[in-house]
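Below is one structure, written out as C-alpha cells; the observations come after it.
These numbers were taken from a predicted model, which means no experiment stands behind them. In what follows, chains carry the letters A, B, and so on, assigned in the order in which the sequence lines appear, proteins first and then strands, with residues in each chain numbered from 1.
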There are 2 protein chains.
Amino acid sequence: MNSQTAPSLADVARHAGVSLSTASRALNDAYGVSAVTRARVLESASALDFVVSPDARRLASGTTGRVAVVVPHIERWFFGQMVSGIERVLSEADFDILLYHVDDAEDRREFLARLPARRKVDAVVVVAFPVGEAERERLELIGAKIIAAGGQSASYPYVCIDDVNAGRLAMDHLTSLGHRRIAMIAGSDPDQPGWPATPGRSRAYESALEALGVSPDPALVRDVDWNPVNAGKAMADILDAAGEPPTAVYAHGDELAFGVLHTLRHRGYRVPEDISVIGIDNHPLAELLDLTTVAQDVGEQGAAAARLVLQALGRAQAEPGAAPGVVAPVHLVERASTAPPRS
Amino acid sequence: MNSQTAPSLADVARHAGVSLSTASRALNDAYGVSAVTRARVLESASALDFVVSPDARRLASGTTGRVAVVVPHIERWFFGQMVSGIERVLSEADFDILLYHVDDAEDRREFLARLPARRKVDAVVVVAFPVGEAERERLELIGAKIIAAGGQSASYPYVCIDDVNAGRLAMDHLTSLGHRRIAMIAGSDPDQPGWPATPGRSRAYESALEALGVSPDPALVRDVDWNPVNAGKAMADILDAAGEPPTAVYAHGDELAFGVLHTLRHRGYRVPEDISVIGIDNHPLAELLDLTTVAQDVGEQGAAAARLVLQALGRAQAEPGAAPGVVAPVHLVERASTAPPRS
DNA sequence: CTGAAAGCGCTTACAG
DNA sequence: CTGAAAGCGCTTACAG
C-alpha cells in the first residue's frame with residue numbers, strides 16, 4: 001500500500017519466508033504444502049493485499065481465468081437477465097467475464113474468427129445465436145469450451161427452454177378457454193432468421209390449431225422483429241386485414257404482447273372481454289399489465305449455463321447422469337388478459 | 001492452421017528471416033524498421049495466421065487493453081442501455097470489456113478493494129454508484145483511470161444528466177397544465193441511499209411547488225426501490241392515505257410510472273382525465289403506455305463515458321475546451337398521460 | 001535500421 | 001513438503 005506498484009508473488013514469498021514455488025502452490029491450493037506454510041503464505045498475501053497478475057498466470061499456465069459472453073441486443077430484458085445470471089455464478093467461481101456484443105451475422109463471423117487466435121478466454125458462452133460447424137472447430141482447436149444459452153446450437157452443452165412446449169402451454173390455455181380464431185404475432189430476428197425461438201413457438205401454434213381441426217388463417221399471422229411498437233403495428237394490420245377480428249392473440253413474447261395490448265386498447269377493444277392476449281416470458285412488466293403468459297426464468301438459465309461452463313472446465317462435477325444440456329422449465333401464469341371468447 | 005498450437009512471434013521472425021525484436025517492431029508499427037523488412041514480416045505474419053498473445057504483450061508492456069465496467073442491477077433497462085453504449089465504442093477502439101456486477105455497498109467495497117491489486121484493467125467505469133475518496137486513491141495509485149457514468153462521483157470525469165433539470169421539466173409541464181396537488185413517487189435504491197438520481201429529482205419537486213407557493217404534502221410522497229410493482233403499491237398507499245387524491249403524479253422514472261398507471265387503472269381512475277402521470281427516462285415501453293416523460297438517451301451516455309475512457313488513456317484527443325464531464329441532454333416527450341386537471 | 005539480452009510475474013516439472 | 005531453474009510469448013532499452 002506504500003508502493004507505487006502492486007505487490008508481486010515474490011513480495012509475498014519474501015514476506016512469508018518461503019520460495020516462489022511454495023508461495024505459488026500455497027495460493028493455488030496445490031498439493032504438497034504443509035498446512036502451516038500455506039497459512040503463513042495466505043496471511044502474507046492478504047497482509048500485502050496481493051492478487052495474482054492474471055496475465056502472468058495465463059502466460060505461465062496457459063489458462064486465462066476468463067470467459068467470453070457473447071450476446072446480441074444486450075439492452076434487451078432477456079439478454080440482460082441472461083448475462084446477470086451468468087455473471088453471478090461465474091464471478092462466484094472467480095472467473096472474469098469478457099463481454100462481447102454482436103448483433104448480426106457479420107459481427108458474429110468476425111468475432112468468432114478473431115477470438116481463437118487471441119487466446120483470451122477459457123470458454124465462451126454464446127447467447128441465443130448459432131455457431132457454425134467450421135467456427136466451432138476453430139474454437140475447439142485452441143481448447144476453448146463452448147456453451148450455448150438461450151438456444152441449442154451445434155453439439156455443445158446448452159441451456160434453453162423447450163419452445164414448442166412453451167408455445168403449447170400458451171395455445172392450450174387459449175383453446176381450452178374455447179378460442180378458435182387465434183392470431184399469432186411471431187418474433188423473428190432479422191439478424192438470425194429462423195432462430196432461436198421462432199420455429200418452435202410457431203409450430204406449437206400450428207399443431208394446436210391442427211389438433212382442433214382449424215385451418216390456420218394467414219391473415220391472422222404476422223412476423224415481427226421483437227420490437228413492441230412493431231408488434232402493435234402488426235396487430236393493427238391484422239385487425240385491418242382480417243374480415244373478422246380474432247378472439248385471441250398469441251404473442252411469441254411478452255414484449256410483443258405489450259404492443260398488441262396497446263393497439264387493442266386504442267382500437268377500442270377490451271381485453272379480455274373482446275379479445276384475449278397471451279405472451280411468453282413473464283417479463284417484469286407483465287404483471288403490471290395483467291398479462292397472462294408462459295413464464296421462464298432467464299436469470300436461472302444464465303446461471304445454469306455458467307454451471308455448464310464450470311463443468312466443461314473441470315471446475316465442477318457434472319451432475320450424475322446429467323444430459324449434455326439443460327431444458328429449463330416453463331409454466332403458465334394466468335392473469336387478467338385471457339378469458340373465454342364472447343359467446 | 002495445421003498445428004495444434006498457435007504460431008508465435010518467434011515463428012514469424014524465423015519465417016521472415018529477422019530477429020524477434022525486428023519482428024515485434026514491424027508488427028507494432030514502431031520506428032526504425034525499413035519498409036521492405038516490415039513488409040516481409042507482415043507477410044510472414046499473415047501467412048502464418050499470427051496474432052499476438054495479448055497476455056504476453058501485456059506482461060511485457062504493462063498495459064492491459066481492458067477496461068472494467070462496474071454496474072449494479074445489470075438486468076435493468078437503464079444499465080443494459082448503458083453497458084451497450086459503452087461496449088459499442090470501446091470495442092470499436094479494440095478494448096475488451098470486463099463486466100462486474102455489484103449490487104450493494106458491500107459488493108462495491110470488496111470489488112474496489114481487489115481490483116487495484118489485480119492489475120487487470122487500464123480503466124474502470126463505474127455506473128451509477130459512488131466511489132469514495134479512499135477507494136479512488138487506491139485505484140489511482142496503480143494508474144487505473146476512473147470514469148463515472150450515470151452519476152457524478154468524486155472528482156473524475158463523468159457523464160450524467162442534470163437531475164434537477166430533468167425533474168424541473170417534468171414538474172413544469174405539470175404545473176403549467178394547472179396542477180397544484182401533485183404526488184411524487186421517488187426512486188430510491190436501498191443499496192445506495194441518496195444516490196444518484198434521487199436528490200436532484202426530489203429537489204425539483206420541492207422547488208417547483210415552492211415557486212407556486214404550495215406547501216408539500218407529505219401524504220403525497222413515497223420512496224420506492226425502483227421496482228414497478230412497489231411503485232404501484234406506493235400509489236395505492238397514497239390514494240388510501242391522502243384525503244383527496246392528487247390531480248397528478250410525478251414519478252422519478254418511467255418504470256415507477258408504469259406501476260402508478262397500473263394502480264390508477266385498477267382503482268378506476270382514468271389517465272389523464274382524472275389523474276395525470278409523468279415519468280423520466282423514455283423507457284422503450286413508455287410509448288406503448290402513452291406515458292408523458294422526460295427523455296434521456298442512456299446508450300449515448302454510455303458511449304460518451306467510453307469516449308472519456310479513451311481520452312483518459314490518451315487514445316483520443318479531448319475536445320477543445322471540453323469540461324471534465326458531460327451533461328447529457330434531456331427533453332420533454334408529451335404523450336397522452338398528462339392533461340389539465342378537471343375543473 | 002537491426003539484433004542479443006533482460007525482464008514482465010507467474011507456474012511447473014525436476015530434484016531433493 | 002520445499003526450492004532452484006526453466007519457460008510462457010512478448011517488449012524494450014541497450015548496443016551496434
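- If you take CG of Asp11(A) and C1' of dG9(C), they are 11 Å apart, rounded to a whole angstrom.
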*asked:* For Glu300(A) and Arg307(A): C-alpha separation, side-chain torsions, deciding distance, then whether salt bridge (Lys or Arg N to Asp or Glu O under 4.0 Å) applies.
replied: CA-CA 10 Å; Glu300(A) 180 48 35; Arg307(A) 277 181 230 115; 3.0 Å; yes
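- Panel note: side chain Ser53(A), backbone Ala56(A); a donor-acceptor pair is recorded below 3.5 Å.
- When distances are taken from the side chain of Arg25(B) to each of dC10(C), dT2(C), dG3(D), the shortest belongs to dT2(C).
- Between dG3(C) and Ser19(B), a contact under 4.0 Å exists linking OP1 or OP2 to a side-chain N or O.
- Map Ala60(A) and Arg58(B) each onto its nearest nucleotide of DNA chain D; the residue landing nearer the 5' end is Ala60(A).
- Between the CG atom of Leu9(A) and the P atom of dA5(D) there is a distance of 18 Å, given to the nearest Å.
- An OP1 or OP2 oxygen of dT11(C) is reached within less than 4.0 angstrom by a side-chain nitrogen or oxygen of Ser24(A).
- For the pair Thr37(B) and Arg57(A), both in contact range of DNA chain C, the more 5′-proximal nearest nucleotide belongs to Thr37(B).
- Atom CZ of Arg40(A) is separated from atom C1' of dT2(D) by 11 Å (rounded to the nearest Å).
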*For Asp107(A) and Arg88(B), run salt bridge (Lys or Arg N to Asp or Glu O under 4.0 Å): C-alpha distance rounded to whole Å, both residues' side-chain angles, the deciding distance at 0.1 Å, then the answer.*
CA-CA 12 Å; Asp107(A) 273 5; Arg88(B) 179 158 42 82; over 6 Å; no
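- The shortest heavy-atom contact between Ala312(A) and Ile147(A) is CB-CD1, 4.0 Å.
- Asp189(B) and His73(B) are linked by a side-chain donor-acceptor pair at a separation below 3.5 angstrom, with hydrogens and angles left out of the test.
- In terms of phosphate contacts, Ser53(A) brings no side-chain nitrogen or oxygen within less than 4.0 Å of OP1 or OP2 of dC8(C).
- Protein atom CG of Leu27(A) is 17 Å distant from nucleotide atom P of dC1(D), rounded to whole Å.
- Base-pair partner of dG16(D): dC1(C) (Watson-Crick or G-U wobble, both distances under 3.5 Å).
- Of the two residues near DNA chain C, Gly17(B) and Ala56(B), the one whose nearest nucleotide lies more 5' is Gly17(B).
- The interatomic distance linking Asp55(B) (CG) with dG7(C) (C1') rounds to 17 Å, in whole Å.
- Residue-level contact check: Ser21(A) touches the bases, meaning some heavy atom is under 4.0 Å from a base atom.
- Residue Thr22(B) places its side chain closer to dG3(C) than to any other of dT2(D), dG3(C), dT11(C).
- The CG atom of Leu20(A) sits 9 Å away from the P atom of dT11(C) (whole-angstrom rounding).
- When rounded to the nearest whole Å, the span between CG of Leu48(B) and P of dG9(D) equals 15 Å.
- Summarising the geometry, the separation between CG on Leu59(B) and C1' on dT12(D) is reported as 14 Å, rounded to the nearest angstrom.
- Spacing between dT12(C) and dG16(C) at atom C1', rounded to whole Å, works out to 16 Å.
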